[in-house]
**Student:** 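Just dropping this structure here.
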Amino acid sequence: MRPPKIEKPSDFRPLGQQQIWDIFPTPILRGTFAYDHGHIADSCEELLKECKELDPNPKRNYTNYFFQDNRIRMKSLPWYRDFANIIKDTYVQFVKDQFGRDISYLNRKDIHLFSWVSKYEEGIVHHAHNHVKTTLSGTYYPRVQGADQPIKFYSPNQNVFSHSSPSDTIPSPMPNAFITGTQGSHMEISIQPTEGEVMLWPSYLLHSIDEPHNVQDDYNRVAISFNLHHNEPLNDIDDGDNFSYEVLFNE
């Protein structure tokens with residue numbers, strides 16, 4: 001009988017010359033909006049008081065997303081013009097640098113900015129979702145205090161979920177963030193926002209907000225979320241005869 005083979009660490013022989021590269025990046029921007037965040041948060045809370053008067057449902061009145069007149073009135077607040085200018089300029093910089101898109105023909109008025117305010121309270125969650133028919137989405141946090149309530153992003157590569165260990169949590173090089181998965185297969189990343197922070201990401205990314213943890217008496221979380229988009233110039237539009245499709249809606 002052949003004696004059993006004794007395996008030694010020296011028998012382990014992976015490639016000596018190797019390098020692992022991370023590919024297929026997904027860019028996410030984190031920055032700060034230099035303004036009086038407390039003033040902005042207070043004015044947003046004043047808006048939401050009206051939403052609570054209009055609708056007693058706490059699953060709806062925590063945000064003015066469902067109240068068009070209230071949402072539009074936010075645009076008349078003193079700080080909103082600066083906010084819109086900075087967010088639009090950041091959008092242009094992002095799509096130029098990260099996506100290589102030609103935006104030389106644009107001005108600020110060509111960029112669609114749809115924004116709404118929310119005040120999260122205990123019991124309010126936002127299940128995993130993404131934003132369709134838009135390019136970038138984001139959130140500005142004028143007030144974040146009294147609880148741990150990160151925004152969670154999910155890998156856009158659904159195949160990664162079969163390659164990772166769902167129980168593993170590893171640190172992230174990004175501040176105030178941790179990763180669920182492994183070094184080579186990130187499944188989720190959770191980011192705890194800070195007061196005054198702005199986040200911006202490709203709108204196809206699934207994201208969610210869970211119940212707050214470590215809730216304290218001063219828990220208060222005000223967020224201004226937004227979508228950004230612009231139209232590309234159309235080429236090859238002169239084919240065929242001119243015909244207005246308005247007639248289809250006037251019957």
Side-chain angles (χ1 to χ4, degrees), residues 20-35 40 65 71-72 74-75 79-118 126 128-142 150-160 172-177 179 184-191 193-194 196-209 223-240 242 245:
I20 296 177
W21 301 90
D22 292 324
I23 61 173
F24 304 122
T26 303
I28 179 170
L29 178 149
R30 298 180 70 184
T32 55
F33 182 49
Y35 211 85
I40 293 177
Y65 182 89
R71 190 188 69 80
I72 292 176
M74 179 174 63
K75 298 182 180 184
W79 53 266
Y80 189 85
R81 182 182 294 270
D82 283 344
F83 168 79
N85 287 341
I86 291 172
I87 292 300
K88 287 187 176 186
D89 290 357
T90 305
Y91 167 81
V92 166
Q93 181 186 54
F94 192 107
V95 298
K96 174 181 177 293
D97 294 346
Q98 298 298 321
F99 300 151
R101 293 171 68 173
D102 177 16
I103 42 76
S104 59
Y105 60 93
L106 293 177
N107 62 57
R108 284 179 181 152
K109 294 293 186 180
D110 295 321
I111 298 169
H112 166 82
L113 170 61
F114 183 95
S115 56
W116 65 97
V117 61
S118 304
H126 221 38
H129 66 287
N130 60 7
H131 297 209
V132 299
K133 297 182 180 180
T134 190
T135 302
L136 295 183
S137 299
T139 301
Y140 158 53
Y141 299 91
I151 180 170
K152 183 185 296 182
F153 294 95
Y154 300 85
S155 171
N157 180 5
Q158 297 302 309
N159 292 323
V160 77
S172 170
M174 186 187 300
N176 304 318
I179 295 165
S185 53
H186 297 177
M187 297 170 58
E188 305 168 3
I189 182 165
S190 297
I191 305 173
T194 57
E197 183 168 20
V198 177
M199 297 186 194
L200 195 64
W201 60 85
S203 298
Y204 59 75
L205 269 184
L206 286 169
H207 53 284
S208 66
I209 300 172
I224 301 172
S225 300
F226 48 88
N227 291 323
L228 292 145
H229 184 67
H230 72 275
N231 289 326
E232 302 278 2
L234 294 177
N235 298 316
D236 301 317
I237 61 174
D238 295 325
D239 306 289
N242 195 22
Y245 297 111

**Student:** Go through the structure and list residues passing side chain to side chain contact (heavy atoms under 4.5 Å, CB included) with Pro156, not counting sequence neighbours.
**Tutor:**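 Partners of Pro156 under the side chain to side chain contact (heavy atoms under 4.5 Å, CB included) test: Thr26, Tyr204, Leu205.
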
**Student:** Please confirm whether the backbone N or O of Ala34 pairs with a side-chain atom of Thr32, one donor and one acceptor, at under 3.5 Å?
**Tutor:**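 Side chain of Thr32 to backbone of Ala34, a donor-acceptor pair under 3.5 Å: no, none is there.
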
**Student:** Given Met174 and Ile189, is the side chain to side chain contact (heavy atoms under 4.5 Å, CB included) satisfied, shown in steps?
**Tutor:** CA-CA 10 Å; Met174 186 187 300; Ile189 182 165; 4.2 Å; yes

**Student:** Please report the closest heavy-atom contact between Lys109 and Asn107, naming both atoms and the distance.
**Tutor:**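 That would be N-OD1, 2.8 Å.
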
**Student:** With a 4.5 Å heavy-atom cut-off, do Leu200 and Phe94 have their side chains touching?
**Tutor:**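 Leu200 reaches Phe94 side chain to side chain.
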
**Student:** Quick check for you: to the nearest 0.5 Å, what is the distance between Thr139 atom OG1 and Ile224 atom CD1?
**Tutor:**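 Going from OG1 on Thr139 over to CD1 on Ile224, the span is 9.5 Å.
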
**Student:** Does Gln98 use its side chain to pair, donor to acceptor, with the backbone of Val95 at less than 3.5 Å?
**Tutor:**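 Checking the backbone N and O of Val95 against the side chain of Gln98, no donor-acceptor pair under 3.5 Å is found.
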
**Student:** Please test Ile191 against Lys152 for side chain to side chain contact (heavy atoms under 4.5 Å, CB included), starting from the C-alpha separation and ending with a verdict.
**Tutor:** CA-CA 6 Å; Ile191 305 173; Lys152 183 185 296 182; over 6 Å; no

**Student:** Looking at Pro150 and Pro193, what are the two nearest heavy atoms and their distance?
**Tutor:**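 Between these two residues, the closest heavy atoms are CA-CD, 4.2 Å.
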
**Student:** Closest approach of Asp236 and Asp239, non-hydrogen atoms and distance?
**Tutor:**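 Looking at all heavy atoms of both residues, the closest pair is O-OD2, 3.4 Å.
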
**Student:** Are Trp201 and Pro27 side-chain neighbours, meaning at least one heavy-atom pair lies under 4.5 Å?
**Tutor:**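 The answer is no, as the side chains (C-beta and beyond) never meet within the 4.5 Å cut-off.
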
**Student:** Which heavy atom of Ile86 sits nearest a heavy atom of Thr90, and at what distance?
**Tutor:**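 What the structure gives for the nearest pair is O-OG1, 2.7 Å.
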
**Student:** Rounded to the nearest 0.5 Å, what separates atom CD1 in Ile151 from atom OG in Ser225?
**Tutor:**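 Output value for this atom pair is 7.5 Å.
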
**Student:** Mind checking whether Phe153 and His207 have parallel, tilted or perpendicular rings, split at 30° and 60°?
**Tutor:**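 Ring orientation of Phe153 relative to His207: tilted.
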
**Student:** Enter the distance from Leu228:CG to Ser115:OG here, rounded to the nearest 0.5 Å.
**Tutor:**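 Reported value, rounded in 0.5 Å steps: 9.0 Å.
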
**Student:** Which residues satisfy the side chain to side chain contact (heavy atoms under 4.5 Å, CB included) test with Tyr65, sequence neighbours excluded?
**Tutor:**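 By the side chain to side chain contact (heavy atoms under 4.5 Å, CB included) rule, Tyr65 matches Thr63, Phe114, Trp116.
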
**Student:** Working to the nearest 0.5 angstrom, can you tell me the gap between Tyr35 OH and Ile40 CD1?
**Tutor:**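 Taking OH in Tyr35 and CD1 in Ile40, the distance rounds to 6.0 Å.
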
**Student:** More than 12 non-hydrogen atoms from neighbouring residues, nucleotides or ligands closer than 6.0 Å to CD1 on Ile20, yes or no?
**Tutor:**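 No, because the 6.0 Å sphere around CD1 of Ile20 holds 12 heavy atoms or fewer from other groups.
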
**Student:** Indicate whether the side chain of Ser104 and that of Asp102 have a donor and an acceptor atom separated by less than 3.5 Å.
**Tutor:**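 Present: a donor and an acceptor within the cut-off.
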
**Student:** When the aromatic ring centroids of Phe226 and Tyr140 are compared, is their separation below 6.0 Å?
**Tutor:**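 Here the rings of Tyr140 and Phe226 have centres that are no less than 6.0 Å from each other.
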
**Student:** How far does OG1 of Thr134 sit from CG of Asn227, to the nearest 0.5 angstrom?
**Tutor:**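 If we round to the nearest 0.5 Å, Thr134:OG1 and Asn227:CG are 4.5 Å apart.
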
**Student:** Provide the closest heavy-atom pair for Ser208 versus Ala128 in the form atom of the first, atom of the second, distance.
**Tutor:**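 Smallest heavy-atom distance, with atoms named: CB-N, 3.6 Å.
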
**Student:** Can you find a pair of side-chain heavy atoms, one from Ile179 and one from Glu188, that are under 4.5 Å apart?
**Tutor:**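 Ile179 does not reach Glu188 side chain to side chain.
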
**Student:** Check this for me, if you would: do Asp89 and Arg108 make a salt bridge, where the nitrogen-to-carboxylate-oxygen distance has to be below 4.0 angstrom?
**Tutor:**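 Looking at Arg108 together with Asp89, the answer is yes, because their closest N to O distance falls below 4.0 Å.
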
**Student:** Report the C-alpha separation of Arg101 and Leu106 in whole Å, then their side-chain angles, then the decisive distance to 0.1 Å, and conclude whether the side chain to side chain contact (heavy atoms under 4.5 Å, CB included) test is met.
**Tutor:** CA-CA 11 Å; Arg101 293 171 68 173; Leu106 293 177; over 6 Å; no

**Student:** Please check if the side chain of Ser203 supplies one atom and the backbone of Thr135 the other of a donor-acceptor pair under 3.5 Å.
**Tutor:**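 Here the side-chain-to-backbone pair exists.
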
**Student:** Distance check, rounded to the nearest 0.5 Å: His129 atom NE2 versus His131 atom NE2?
**Tutor:**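 So the gap between those two atoms works out to 3.5 Å.
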
**Student:** Strictly distance-based, threshold 3.5 Å: is any side-chain N or O of Asn85 a donor or acceptor partner for the main-chain N or O of Asp82?
**Tutor:**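 It does not hold such a pair.
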
**Student:** Could you walk me through whether Tyr91 and His230 pass the ring-ring contact (aromatic ring centres under 6.0 Å, His included) check?
**Tutor:** CA-CA 10 Å; Tyr91 167 81; His230 72 275; 5.7 Å; yes

**Student:** Do Tyr80 and Phe83 have their ring centres less than 6.0 Å from each other?
**Tutor:**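 Yes, close enough.
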
**Student:** Evaluate the criterion side chain to side chain contact (heavy atoms under 4.5 Å, CB included) for residue pair Val92 and Ile111; output intermediate values, then yes/no.
**Tutor:** CA-CA 9 Å; Val92 166; Ile111 298 169; 3.4 Å; yes

